[in-house]
Amino acid sequence: MVFHEVDKRTEKAGKPQIRFVGFDDEWEQCKLGEIYQRIRNAFVGTVTPYYVDDGHFYLESNNVKDGQINRYSEIFINDEFYEKQKDNWLHTGDLVMVQSGHVGHTAVIPENLDNTAAHALIIISNATKKTCPFFLNYQFQAPRTKTDIDNITTGNTIKHILASEIKKFRIQVPIYNEQKKLGKYFENLENLIILCQHKYNKLVDVKKSMCEKMFPKDGEAVPEIRFKGFSDAWEQRKFSELVLIERGGSPRPIDDYITDQPNGLNWVKIGDAPTQGHHITKTAEKIKLEGLSKTRQVQPGDLILSNSMSFGKPYIMAINGCIHDGWLLIRDINNIFDLTFLCHLLGTTQMLEQYKQFAAGSTVNNLNKELVGNTIVTIPSKQEQRVLGEYFEQLDHLITLHQRKLEKLKNLKKAFLEKMFI
C-alpha cells in the first residue's frame with residue numbers, strides 16, 4: 001500500500017498526517033449515537049450461580065484488550081441464563097467497549113462469536129450509516145481518542161464510563177472506502193504482531209522446556225535429553241569448590257563518584273543487563289578511578305549474578321567494569337566451565353530452587369556468597385558443556401530476533417495510530 005504525508009497543519013482542518021494515496025477529503029465529525037442506533041450497557045449483576053464448566057461462552061471485560069478478544073480467561077454460563085441474556089447477545093460486526101477498569105478498550109465481534117452473551121461491556125451495534133467497525137476499533141486505540149475517552153470517565157481508583165456518554169462521544173470519520181482501507185491495514189498489522197508474539201512465546205517455552213530436560217533433575221546424574229555421543233554421568237560438586245565467588249561493593253555516596261570522563265570505570269547496574277541474552281556489553285554510567293578500592297572489579301569472561309532485584313539472574317561480562325553490592329562475582333579460576341553453559345546452568349529451575357531453599361527464613365530474600373557457594377552443581381564434561389552452551393546460545397539468538405521484530409511491529413503500529421487518525 002502507498003501512503004502520502006500531509007502537511008501537519010491539515011490535522012486542524014480535519015485530515016490526518018499520513019493517508020493512503022487517492023484520499024484527500026476532510027474527515028467528518030460525528031457523535032457515535034448518530035452512527036449507531038444501539039449503544040447500551042451489557043448486563044451487570046450476579047452471574048456466579050449460572051456458571052458451568054462447559055456451556056455458552058460469556059464475554060467479559062477481561063477478554064477485551066488492545067483491540068482484540070482474548071479467550072485466555074473463559075467464563076461459561078448455562079442454557080437458562082444464556083436465554084435470559086438475549087438482549088445482550090453479540091453479533092458479528094458489533095463493537096464492544098470495556099466500561100470499567102481498563103476503560104475504552106474495544107474489539108469487533110468475529111463470526112465465531114456470533115450470538116455470544118456479554119457482561120460488563122458497552123455494546124455498540126446497528127449502524128445507521130455505512131461504517132466499518134474495524135476502522136472504529138482502531139480509531140479507539142489512537143492516542144488522541146484514548147485521551148478524549150479518559151476525559152469522560154468517572155471514578156478515582158477504578159475508572160468507569162457510561163453508555164450515555166459514549167452516545168454523545170464525538171469522533172472523526174472519513175469516507176467508507178478510506179475506513180475500510182485503514183481497518184484492513186491495521187487488522188493485517190495486528191495479525192503480524194499476533195503471529196510474531198506466538199512465535200516468540202513458543203521459542204521461550206521451548207527454551208524453558210529444554211532447560212528442564214537437558215539439565216539433570218534434583219538427585220539425578222543424567223539429563224532426560226542429551227546430544228548424541230554423550231553418555232557419561234554428570235558430576236555433582238559444591239559450587240564454592242569450583243569457582244571464586246565475591247560480593248560487589250559500592251563507594252558511597254555513589255553520586256560523588258559518578259563521572260562523564262572517558263577514563264572512568266564502567267559501573268554495572270541492573271538496568272544495564274539485556275532483556276534477552278546474557279552478555280553485558282555497555283553501561284549507562286561510569287565511576288571515578290578513586291572509587292576502585294571501594295568496589296569490585298570485573299573483567300570479560302567473569303559471570304555476575306544479581307542477588308536481589310532480579311534474584312539469581314546470571315550474566316557474562318563482555319567488558320571491564322565494577323559491580324556494586326547488588327551483584328555477586330563468579331570467576332572460573334580453575335577453567336572448569338564453558339561460560340555460556342555455566343550461565344544457563346545458574347539460571348535453571350534446579351539452581352533457583354536451591355537459592356530459595358537456602359534463603360528461606362531470612363529476613364530479606366537475597367543471595368550472598370555463602371548461600372551461592374553452598375549450592376550443588378551437576379556438570380558434564382567440558383565438551384558436552386560447549387555443545388549445550390552453543391545450543392542455548394542459538395535459542396537465545398532466535399528469541400532475541402523475534403523480540404526485536406515484535407517490538408518493531410508494535411512501534412510501527414503505535415506510530416501509525418498516531419499519524420493516520422485524527
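Source: prediction; values computed, not measured.
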Asks: Are any of the side-chain nitrogens in Asp325 or Arg252 under 4.0 Å away from the carboxylate oxygens of its partner?
Replies: yes

Asks: Just checking, any donor-acceptor pair under 3.5 angstrom between side chains of Thr106 and Asn137?
Replies: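 Checked: Thr106/Asn137 side chains pair up, N/O donor to acceptor below 3.5 Å.
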
Asks: Centre of Phe341's six-membered ring, under 6.0 Å away, within 45 degrees of the axis: is that where NZ or CZ of Arg386 sits?
Replies: no

Asks: Should Phe57 and Arg71 count as side-chain neighbours, where that means a heavy-atom distance under 4.5 Å?
Replies: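 Phe57 reaches Arg71 side chain to side chain.
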
Asks: So does His397 have more than 12 non-hydrogen atoms from other groups sitting under 6.0 Å from NE2?
Replies: no

Asks: Please check: side-chain N/O of Asn88 versus main-chain N/O of Gln85, any donor-acceptor pairing under 3.5 Å?
Replies: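 The answer is no, because no donor-acceptor pair under 3.5 Å joins these two groups.
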
Asks: Please confirm whether Tyr82 and His56 have ring centers closer than 6.0 angstrom.
Replies: yes

Asks: Using the ring centroid of each side chain, check whether Phe186 and Phe421 are separated by less than 6.0 Å.
Replies: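 Distance test on ring centres: under 6.0 Å, yes.
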
Asks: Above 12 or not: heavy atoms from other molecules or residues under 6.0 Å from NE2 of His91?
Replies: yes

Asks: Please evaluate residues Asn201 and Gln197 with respect to the criterion side-chain hydrogen bond (donor to acceptor under 3.5 Å, both in side chains), reporting the C-alpha separation (whole Å), side-chain torsions for both, the decisive distance (0.1 Å), and the verdict.
Replies: CA-CA 6 Å; Asn201 292 344; Gln197 182 76 60; 3.1 Å; yes

Asks: In this structure, are over 12 heavy atoms from other groups packed under 6.0 Å from Asn411 atom CG?
Replies: yes

Asks: Pairing donors with acceptors under 3.5 angstrom, does anything connect the side chains of Thr154 and His160?
Replies: no

Asks: Can you see whether Lys294 engages Tyr257 through a side-chain donor-acceptor pair at a distance of less than 3.5 angstrom?
Replies: yes

Asks: Closer than 3.5 angstrom, by distance alone: can the side chain of Thr375 be matched with the main-chain N or O of Val372 as a donor-acceptor pair?
Replies: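 Indeed, once roles are kept as given, a pair shorter than 3.5 Å links the two residues.
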
Asks: What about Tyr185 and Phe135, are their ring centers closer than 6.0 Å?
Replies: no

Asks: Test your reading of the model: is there a side-chain donor-acceptor pair from Thr147 to the backbone of Pro143, 3.5 Å cut-off?
Replies: yes

